[in-house]
Amino acid sequence: MDNGEVARILNTMADMLEIKGDNPFRIRAYRLAAQNIEGLAEDVSTLIVQQTLEEIPGIGKDLASKIREIVTTGTFQEYERLKAQIPSGVVELLKIPGVGPKTAQLLYERKGIDSIARLEAAARANELRGLPGIKAKTEENILRGIEMLKRASGRMPLGLALPLVREIIARLRQVKGVTRIECAGSVRRMKDTVGDIDILAVSAAPGKVMDAFVALPLVREVLAHGETKSSVMTRQGIQADVLVVDPKAFGAAWVYFTGSKAHNIHLRDMAKKKGLKISEYGVFAERTGKRIAGREEEEIYEALGLPYIAPELREDTGEVEAALKGQLPDLITADDIRGDLHVHSTWSDGAHTIKEVVEAARRRGYRYIAITDHSKGLGIVRGLAAEDLTKQSEEINRLNQGLRDFRILTGIEANIRADGTLDLPNGVLAKLDFVIASVHSAFRQDQQTMTERIVRAVSNPYVRVLGHPTGRLLGEREPYDLDFDRLLDAARQHQLAMEINASPLRLDLNDAHARRAKEAGVPLVINTDTHALAEFDHIHLGVATARRAWIEKKDVLNTLPLKQLLKRLAR
DNA sequence: GCCGTTTTCGGCCCGACTGTTTTCAGTCG
């Protein structure tokens, strides 16, 4: 029973309670618990053993006992009781955009509709009109919602959403009257996947912005078109919302629409205790209704007695408490990165020669890179054998002689075999400046086998960094089943660094794991795993992940000048 | 169902948009 599964059960419980019309705050408690469990870096069963379940915010005695029941039995009593009352197909109806708990309940009670297929048939046959609050238009909307659901692909990786965001912003900036336009939401928080795109604008003529937005070429369907707020479904399958706000309230709106929801609720709660009220229109004195802040985000935090909190931290995972104590981290920035330690070339599956890669790295202002082509054991790409590495090192040495203020490190991305050995002998690895070890095969080993395999690999004295440590591919492959805490222990023991791989589908380590690594005292490196020059830009995604993990410059080895880097890499 | 420098009971964020309404309910974020 993994954390995702526990969270799924709690969320389904919340869905069923909503359909029943239960206490909304009770429902919210279930959802909050689900969200916090999903965001955990460690297994919930570990917390049960340690008896620290109730330390998770939003989980009290009651939920803790239910979660224990879920982990032991796969379900819990009250959940089973509700499932017997509400068919799962009725809960499924909630997935349809525009259909909420009230509608689902109505459809089931009055028409016996207990699946999306039945709902579609009934709507097509115009059998819904006549129900309270439902006429032809609502039938149409339900059918449209079902179509959207069928095409929906879930959350989109951040790296794919960002270009869309840039395009929308660039085009709307051209609209007459627009004086400011920014993105908000999970995109601004740089979460690894995003559910939708939120954009905020200031304009003297809001109607023009709305009209221009819904007419953009990337719009597949207009979902709402109001005076200051519109929503569209894009051709790329992700929803985008644009809002026009008053410049006097821009900061308040930006905080509000950046979220996260949990962060906002925390701020509002604090405000209330200070006799203030926060909304997207500003901070107001509760008694007089006078606006105290609103124009800039800094003002909002200041009104609460807080320093500015970076968007990447706004998840209510301790950032408000840290801000109160003046203990916010001094987050790493992309400018702190001095080199990339995971780069491929035409020697294996990269698209560019070492010379080309080096030129691109120098243009970025880097002072070093490590060429880490694949080793020979990896069947799918042409990997390097010992003889190839000797030749490659000769080429690198020649290139280094012509370079000032820049150094190419000789390296390899060694393959961790199923048994934890590497596919190049230590004698070969010893001649290189830098060795990353990564898993590229046998992903489905059980937890114990996989953990021992990787622990064995990282105990090899020549391995400096564990590459993409959990192996996930967003939307494509789950992370390996791994005892992450044991791996951290091994990493610390062997003075190994862990990679935050910035490739858009990887972002591996993720934010939660990277934060645990930092807390465990394991150093990190942020690499792009570049196979083509444009991918050097992905460093921003890796840095964002690090920022979400509260990581500072001092936690990351490739922020060091070359000399210090080499010293730290020596074991 | 959670939570507590006002509280162990009584709070718990709030407004835009839509479609159905004739003043509002449902959904969404």
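Numbered from 1 within each chain, the chains take letters A, B, ... in sequence-line order. Note that these values count all heavy atoms, side chains included, but never hydrogens, waters or copies made by symmetry.
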Open item on the list: Work out how far the P atom of B/dT23 is from that of B/dG10, and round it to whole angstrom.
Closed with: 34 Å
Task: Ion pair A/Glu139/A/Arg129, N-O distance below 4.0 Å - done: yes
Task: Under-4.0 Å salt bridge between A/Arg506 and A/Asp192 - done: no
Open item on the list: salt bridge (charged side-chain N to carboxylate O under 4.0 Å, His left out) for A/Glu182 and A/Arg180? Distances and angles first, verdict last.
Closed with: CA-CA 7 Å; A/Glu182 307 273 7; A/Arg180 186 169 187 185; 3.5 Å; yes
Open item on the list: Other residues, nucleotides and ligands only: do more than 12 of their heavy atoms fall within 6.0 Å of CD on A/Glu147?
Closed with: yes
Open item on the list: Determine whether a donor-acceptor pair (N or O, by modelled atom type, separation under 3.5 Å) exists between the side chain of A/Asp241 and the backbone of A/Asp198.
Closed with: no
TODO: For A/Tyr256, answer base if it contacts any base atom (sugar-phosphate contacts may also be present), sugar-phosphate if it contacts only those atoms, and nothing otherwise; contact means non-hydrogen atoms under 4.0 Å.
DONE: base
TODO: Among A/Lys20, A/Lys83, A/Arg26, find the residue that satisfies the salt bridge (Lys or Arg N to Asp or Glu O under 4.0 Å) test when tested with A/Glu78.
DONE: A/Arg26
- [ ] Specify the residues of residues 4-25 of chain A, ordered by number, for which at least one heavy atom lies under 4.0 angstrom from an atom of DNA chain B.
- [x] A/Asn23, A/Phe25
Open item on the list: Any carboxylate oxygen within less than 4.0 angstrom of a Lys/Arg side-chain nitrogen, looking at A/Arg516 and A/Glu42?
Closed with: yes
TODO: Write down the partner of B/dT8 under the Watson-Crick or G-U wobble criteria, each distance required to be under 3.5 Å.
DONE: none
- [ ] Write down the distance separating the P atoms in B/dT5 and B/dT20, rounded off to the nearest Å.
- [x] 48 Å
Open item on the list: Going by the rule salt bridge (charged side-chain N to carboxylate O under 4.0 Å, His left out), which residues pair with A/Arg189 if we only count those two or more places apart in sequence or in a different chain?
Closed with: A/Glu315
Open item on the list: Between B/dT8 and B/dG1, how many Å separate the two C1' atoms, rounded to a whole number?
Closed with: 14 Å
Open item on the list: At 4.0 Å (heavy atoms only), tell me whether A/Thr138 reaches a base, stays on the sugar-phosphate, or touches nothing.
Closed with: sugar-phosphate
- [ ] Under 4.0 Å between any heavy atoms, over every strand shown, what does A/Lys277 touch: base, sugar-phosphate, or nothing? Just pick one.
- [x] sugar-phosphate
- [ ] Looking at every strand, decide which applies to A/Pro132 at a 4.0 Å heavy-atom threshold: base, sugar-phosphate, or nothing.
- [x] nothing
TODO: Could you tell me whether A/Ser230 contacts a base, only the sugar-phosphate backbone, or nothing, with contacts defined as non-hydrogen atoms closer than 4.0 Å?
DONE: nothing
Open item on the list: Suppose you measure atom C1' in B/dA16 against the same atom in B/dC12; what distance do you get, rounded to whole Å?
Closed with: 22 Å
TODO: Write down the distance separating the C1' atoms in B/dT7 and B/dC17, rounded off to the nearest Å.
DONE: 37 Å
Open item on the list: If I pick the C1' atom on B/dC13 and the same atom on B/dG29, what distance separates them, to the nearest angstrom?
Closed with: 12 Å
Open item on the list: Do A/Thr75 and A/Glu80 pair up side chain to side chain, a donor and an acceptor below 3.5 Å, judged on atom types alone?
Closed with: yes
Open item on the list: Reading DNA chain B from 5' onward, which residue's closest nucleotide shows up sooner: A/Lys102 or A/Ile278?
Closed with: A/Ile278
TODO: Assign A/Gln105 to base, sugar-phosphate, or nothing according to its heavy-atom contacts below 4.0 angstrom with the strands shown.
DONE: nothing
Task: P-based separation of B/dT6 from B/dC2 [nearest Å] - done: 23 Å
Task: Interface limits on DNA chain B, where chain A has a heavy atom under 4.0 Å of a nucleotide atom - done: B/dG1 to B/dG29
- [ ] Using a strict cut-off of less than 4.0 Å between a Lys/Arg side-chain nitrogen and an Asp/Glu carboxylate oxygen, indicate whether A/Glu167 and A/Arg171 qualify as a salt bridge.
- [x] yes
TODO: Check every strand shown and say whether A/Ser231 touches a base, only sugar-phosphate, or nothing at a heavy-atom separation below 4.0 Å.
DONE: nothing
Open item on the list: Taking the nucleotide of DNA chain B with the nearest heavy atom to each, does A/Ile59 or A/Lys272 sit closer to the 5' end?
Closed with: A/Ile59
